[in-house]
Structure formats: structure tokens, C-alpha cells
K.L.:
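The structure that follows is given in the form of C-alpha cells.
What's counted below: heavy atoms across the whole structure, side chains too, no hydrogens, waters or symmetry copies. Just so it is clear, the model here is predicted, and its values are computed rather than measured.
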Amino acid sequence: MARAPCYYVYLLSSNSGILYVGSTSNLARRVYQHIHGLFPGFTRSYRVNRLVWWDATPNARAAVAREREIK
């Protein structure tokens, strides 16, 4: 039996309280990328690297809609 696709909305924080919200289909990989600063941008510049909340949803549209709602 195939597993249904799962998409995630997540919230990261820095030690100083800066927050970042994002969505992804692979939460573990994406958090790893943020923690290790593998891509230039907001999270690397502000050292946003601590996962503080996440939620799963069955489709990408729902994840992106929830991300926008939080923003």
C-alpha cells in the first residue's frame, strides 16, 4: 500500500526570537538545510535554525495556504 504524500508547514526560530515560516514536502531535509546554512538567505543571515512548530497536511496547496495564513 502506497503512503499518501505529506506536506509540512513549519516555524523556525533564532536564539534572539527571529521567526521564519516555510513549507516543504521533506521536513527533516529542509530543517537540516536551515540548521547548516546550506542556502544563502534570511535563515542563514539571521541564524534561524531551531524548529519550534510544524504541522502536516495532505497536499501542497493546503501547506502553502497555511503558510500564507501564518505570515
K.L.:
Between the main-chain N or O of Ser14 and the side-chain N or O of Arg50, is there a donor-acceptor pair closer than 3.5 Å?
P.N.:
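Pair found, side chain donor or acceptor close to backbone of Ser14.
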K.L.:
On the 0 to 90° scale, with breaks at 30° and 60°, tag the Tyr10-Tyr20 ring pair as parallel, tilted or perpendicular.
P.N.:
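Ring orientation of Tyr10 relative to Tyr20: tilted.
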K.L.:
Would a hydrophobic clustering, with Ile, Leu, Val, Met, Phe, Trp and Tyr connected at side-chain separations under 4.5 Å, put Val48 with Leu51?
P.N.:
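Result: yes, single cluster for both.
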K.L.:
Checking side chain to side chain contact (heavy atoms under 4.5 Å, CB included) for the pair Tyr8/Asn26: CA distance, chi angles, key distance, verdict?
P.N.:
CA-CA 7 Å; Tyr8 302 92; Asn26 188 326; over 6 Å; no
K.L.:
Going by side chain to side chain donor-acceptor pair (under 3.5 Å), Ser23 matches just one of Glu67, Arg68, Arg66. Which one?
P.N.:
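Considering Glu67, Arg68, Arg66, a side chain to side chain donor-acceptor pair (under 3.5 Å) with Ser23 is found only for Glu67.
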K.L.:
Inspect the surroundings of CZ in Phe42 and state if more than 12 heavy atoms from other residues, nucleotides or ligands are less than 6.0 Å away.
P.N.:
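Counting neighbours around CZ of Phe42, more than 12 heavy atoms of other residues, nucleotides or ligands fall under 6.0 Å, so yes.
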K.L.:
What's the shortest heavy-atom distance between Asn49 and Ile35, and which atoms?
P.N.:
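Here Asn49 and Ile35 meet closest at O-CG1, 3.2 Å.
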K.L.:
What heavy-atom pair brings Ala60 and Tyr7 nearest, and what distance separates the two atoms?
P.N.:
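Result for this residue pair: N-CD1, 3.3 Å.
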K.L.:
Is it the case that one hydrophobic cluster holds both Ile70 and Val31, taking links as side-chain heavy atoms less than 4.5 Å apart, direct or via other members?
P.N.:
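Per the 4.5 Å side-chain linkage, Ile70 and Val31 are not co-clustered.
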K.L.:
Please round to the nearest 0.5 Å and tell me the distance separating atom CZ of Arg29 and atom OG1 of Thr24.
P.N.:
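Arg29 atom CZ to Thr24 atom OG1 measures 5.5 Å (nearest 0.5 Å).
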K.L.:
Closest approach of Gly17 and Ser13, non-hydrogen atoms and distance?
P.N.:
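In terms of heavy atoms, the two residues are closest at CA-OG, 4.1 Å.
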K.L.:
Are any of the side-chain heavy atoms of Trp54 and Leu27 separated by less than 4.5 Å?
P.N.:
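The answer is yes; the side chains approach within 4.5 Å.
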K.L.:
Minimum heavy-atom separation for Phe39 to Arg30, with atom names?
P.N.:
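That would be CD1-NH1, 3.7 Å.
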K.L.:
Decide yes or no for Leu12 and Leu19: does some side-chain heavy atom of the first lie under 4.5 Å from some side-chain heavy atom of the second?
P.N.:
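Of all side-chain heavy-atom pairs linking Leu19 with Leu12, none is under 4.5 Å.
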